[in-house]
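What follows is one structure encoded as structure tokens, with my remarks underneath.
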Amino acid sequence: FICESYDDNRDLHYPLRRQRQMCIRDRRSEEDIKHLNSLVVDLRSEVEALQETVEARTQEVASLMDSTKAMTTAMEKAGVSVEAVSYTHLRAHETPEHLVCRLLLEKKKT
């Protein structure tokens with residue numbers, strides 16, 4: 001492809017020039033950049049804290065699962081059967097003391 005006139009050559013470079021102008025016009029000030037960098041630092045520290053929390057909770061869950069397995073194994077060896085029961089079944093056997101505690105806890109949550 002050969003340019004035959006000055007106008008053709010100029011048209012080829014127009015999009016590049018326009019792109020450069022947009023970059024200059026949209027450039028952020030140093031204050032904006034400092035502010036954005038501080039936000040990034042804050043977000044990174046929050047992410048690290050959340051990751052630590054997730055790791056701690058994961059370890060707690062793993063520990064609980066291990067102790068549950070150990071308890072289940074011990075109960076099976078002792079001949080005690082473990083069956084799941086519904087929440088309604090548990091409520092049917094609720095004592096007045098348990099009821100008061102449950103209602104107080106529910107009230108505390110709200």
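Bear in mind that the values here come from a model prediction, so they are computed numbers and not experimental data.
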Inset, instruction - Any chance you could measure Asn37, atom CG, to Glu30, atom CD, to the nearest 0.5 Å? - result: 11.0 Å
Legend entry - Ser63 side chain vs Gln59 backbone, donor-acceptor pair below 3.5 Å: no
Inset, instruction - For Glu31, look at atom CD and say whether over 12 heavy atoms of other residues, nucleotides or ligands are found less than 6.0 Å away. - result: no
Inset, instruction - List the steps, then state whether side chain to side chain donor-acceptor pair (under 3.5 Å) holds for His89 with Ser86. - result: CA-CA 5 Å; His89 180 84; Ser86 68; 5.6 Å; no
Inset, instruction - May I ask you to list the residues sharing a hydrophobic cluster with Leu90, side-chain cutoff 4.5 Å, ordered by chain and number? - result: Val85
Legend entry - Side-chain cluster (under 4.5 Å, hydrophobic types only) that Leu104 belongs to, other residues: Val100
Legend entry - Value rounded to 0.5 Å, distance of CE in Met75 from OG1 in Thr68: 11.0 Å
Inset, instruction - Please identify each residue that fulfils side-chain contact (heavy atoms from CB on, under 4.5 Å) with Arg102, with sequence neighbours left out. - result: Tyr87, Arg91, Glu94, Leu99, Glu106
